[in-house]
Amino acid sequence: MNSRICRQRMLTVQQYMTRVSHLLAEIFTELGIDTDTLDSSVRTGGPADLSSLLWSWLELPPDKTMGDIALPCFRLAKTLRQAPVAIATSIADAVTAHIAAAGANDAEQVASAAAPPNDWTLLTDATTAGPYVNLRLRRSSVTRDVLHAIAMDNGYCHSGRGAGKIAAIDLSSPNIAKPFGIGHLRSTVIGTAIANLMESDGYQTLRINHLGDWGTQFGKIITSYRLYGDPDKVRANPIPELNDLYVFFHQQEKLHPELEDEGRAAFLRLEEGDPDSLALWQWMIEVSMVEFQRTYDLLSSRFDFNLGESFYNDKMQAVIDELREKGLLEVSEGAEVVRLDEENLPPCLIRKSDGATLYPTRDLAAALYRHHALHADELIYVVGGEQRLHFAQLFAVLARMGYDFAAHCSHVAFGMMLLEGKKMSTRKGQVVRLQEVLEEAIARAKAIISEKNPLLPDADAVARAVGVGAVVFNDLKNNRLHDIDFSLDKALAFDGETGPYVQYTHARTCSVLRKAGLLADGDASPGEALTSADSLSEIQTLEEPEWELTKLLSQYPQVRLRAIDERDPSLIAKLAMDICQEYNHFYHDCPILTSTAAIRERRLALTDATRLLIRHALSLLGLEAPASM
RNA sequence: GUCUCAGUAGCUCAGUUGGAUAGAGCAACAGCCUUCUAAGCUGUGGGUCGGGGGUUCGAAUCCCUCCUGAGACGCCA
């Protein structure tokens, strides 16, 4: 159970692993094993310090009944010239002796976060299973520490590695005059979650919506509108009509190739500043933004900047000048390029043979603007994986220009959304409109509410939170680079590993706390149950589900940091699901409200801790957490 | 053709900085609401981890090779 996260040794009960590794180092020294006696094959690349070395060896037993932390002894066999099993036995015996000497069993109250690093009361027993030493942590003290830490937010929801730094995140980036398709959902929700994660680490974020508002396509749309458009119809229903005109134009283009030149000429007029064309273009941006905003409102996405591609029109000449000054520009086949042979990349096209700029030119200008004008330290691009090469080239050119921040640029790639196994194409009119998907999701959520909980106050708001949550979570739970074949039924599933499941579990924790009189609706701070948890002196025998839940909760800080480092929100989604699964298991097996005072107090504290972390995880992912549903 | 990414249960995917018997959800079947929300919980069945070689005490994980799918590869964005 919960193997997804549990088996990653780095992430689990990590703070205790540090202490355990110190204890084990003591044993090793006692047994005459120190870093000098370990041969280099055992130490390779590892830290010189014995306890750090041991720390890196610790892992989790595959089965929770075996213990909490395991030390495999295979690699010691060669140096010590003993069988791994024998080594494991002597280590386990030594640990057992220490535990007994520490009088651990009478010291229930002693072990705590403040205990010295060589406090053997942290452990309750050591056993062997073949060549493995399995150690068990003292549940009471660990649980108390974890609950205390969550109440204090010791790194659980906030950290400060990004303090004073600015991260610019390029996300969403839909195209003007085209429908906001399901394909743009990924960039929007992944980008939003990454921005939230960075903020939890102290970064100031700049969420930049890099709108597609420039290019030949606008010449085509303008031409199509002038030739075939009905102004009244377009005004009534702008985006679908403009999209239809664009699609129709492409069909006509096949029959009348001369239209292509006309479209190009129309774009040229726009570039030259023809007032009529500009007005039309401006108007398309306005109506598109109104439309997009409806979707963003549902998703609770916000942006610090809506800067279209056109914003950089007057900033590209400076880039070209700078490249030339730095001697990076070369003429090749009539075009101007930056060669990237050393980086083993194809050359980056900066200027067409007719002198016009290109996509990379614009992105260079944008990167420099974000660096110089917006003072961004980190540049993050949440853009589909098909643009890998483009970003590799972009970053390489920045490095060539001598910008150190090139090392702090990253492309967060993701797979494509497919429709019935095929790439969606706006040109062919094959798009799934996100707005429709969200509305359908909300309608289904509403139907479930009226069936299961007809008296729920604020049902509409909850339906919106849950419906949208289903769609967003579905996209966030796997950050795989897999292409996704869009399925409405999958995106709108409310059972199993879904957003609504996580939200439901959150509502469940709220309900328990409400019944205990410990929670006012929408309370974001730790409740009384949790803040008084460090005074819980009676945490004696935790039952399995409580212990498993505690261990999962303890992973939150490390998982959050890893999600930030790997720019992977799915890690948060997965841990949230694991916590929910374990909480529901606990909820089912362990009565809370009807238990005797001490147990009730402890279980309420666990419930409140769970509630806080689920709530926080959901907020990182951009989901709401209704208090009942 | 070159490069990149992917291939794990019927489906969707975890696990990939090497460790013990490869895990979830969905779908199917069987149970659990006079007790804290059944959007839940429990159980059953389901696997040549794409194929083959190699390194290792130990490989889904590392190396080589082949197969399959997707994407990118100079004047679109």
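Values below: all heavy atoms of this structure, side chains included; hydrogens, waters and symmetry mates excluded. Throughout, protein chains are lettered first and strands after them, A, B, ... in sequence-line order, and every chain is numbered starting at 1.
- Looking at heavy-atom distances under 4.0 Å, A:Met629 makes contact with a base.
- Taking A:His390 as the reference, A:Asp363 meet the side-chain hydrogen bond (donor to acceptor under 3.5 Å, both in side chains) condition, with sequence neighbours excluded.
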Output one line per pair: protein atom, nucleotide atom from nucleotides 54-59 of chain B, and distance, for all N/O pairs under 3.5 Å.
from: B:C57; atom 1: OP1; to: A:Lys78; atom 2: NZ; distance (Å): 3.3

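- For A:Asn134 against B:A20, a side-chain N or O and a base N or O form a donor-acceptor pair under 3.5 Å.
- If you check distances only, the side chain of A:Thr498 never reaches the base of B:G25 with a donor-acceptor pair under 3.5 Å.
- Applying side chain to side chain donor-acceptor pair (under 3.5 Å) to A:Tyr583 and the options A:Thr607, A:Thr509, A:Thr505 leaves one that passes, A:Thr607.
- Atom P of B:C29 sits at a distance of 42 Å from the matching atom of B:A72, rounded to the whole Å.
- For A:Ala129, counting side-chain heavy atoms from C-beta on, the closest listed nucleotide (B:C41, B:A20, B:G40) is B:A20.
- Residue ring and base: A:Tyr132 counts as stacked with B:A20 (centre distance below 5.5 Å, interplanar angle below 30°).
- Checking B:U12, B:C13, B:A77 against every side-chain atom of A:Asn478, the shortest atom distance belongs to B:C13.
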Contact list (N/O, under 3.5 angstrom) for nucleotides 6-10 of chain B vs protein:
from: B:A6; atom 1: O3'; to: A:His482; atom 2: NE2; distance (Å): 3.4
from: B:A6; atom 1: O2'; to: A:His482; atom 2: NE2; distance (Å): 3.1

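- Contact check for A:Asp495 versus A:Tyr501: no side-chain heavy atoms found under the 4.5 Å cut-off.
- The glycosidic torsion of B:C33 lies within 90° of 0, placing the base in the syn range.
- Note: CG (A:Asp495) to C1' (B:U12) measures 15 Å, nearest angstrom.
- Only the C1' atoms considered, B:A22 is 7 Å distant from B:A60, to the nearest whole Å.
- One P atom belongs to B:C57, the other to B:U16, and the distance between them is 24 Å to the nearest Å.
- Across the P atoms, B:U21 and B:G58 are found 14 Å apart, a figure rounded to whole Å.
- B:G45 and B:A24 are spaced 13 Å apart, taking the P atom of each and rounding to whole Å.
- With respect to the salt-bridge test (charged N to carboxylate O, under 4.0 angstrom), the residues A:Arg602 and A:Glu546 qualify.
- Closest contact between the side chain of A:His585 and the listed nucleotides B:G40, B:A20, B:C41 involves B:C41.
- Using a 4.0 Å cut-off between charged nitrogen and carboxylate oxygen, A:Arg186 and A:Asp475 count as a salt-bridge pair.
- Toward the 5' end of RNA chain B, the nearer of the two residues A:Asp483 and A:Glu566, judged by each one's closest nucleotide, is A:Glu566.
- Residues that satisfy the side-chain hydrogen bond (donor to acceptor under 3.5 Å, both in side chains) test with A:Lys446, not counting sequence neighbours, are A:Asp460.
- Straight-line distance between the P atoms of B:G71 and B:C32: roughly 50 Å, to the nearest whole Å.
- A:Tyr369 and A:Phe311 have perpendicular rings, their planes meeting at more than 60° on a 0 to 90° scale where under 30° would count as parallel.
- Listed in residue order, the members of residues 339-361 of chain A having a heavy atom less than 4.0 Å from RNA chain B are A:Leu349, A:Lys352, A:Ser353, A:Leu358, A:Tyr359.
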### Task
Take A:Asn209 and A:Ser173, measure what side-chain contact (heavy atoms from CB on, under 4.5 Å) needs, and give me the verdict at the end.
CA-CA 5 Å; A:Asn209 198 355; A:Ser173 311; 4.2 Å; yes
## Note on the structure
Secondary structure of RNA chain B per the Watson-Crick/G-U criterion (both distances under 3.5 Å; [ ] crossing, | other strand, . unpaired) is (((((((..((((.....[...)))).(((((.......))))).....(((((..]....))))))))))))....
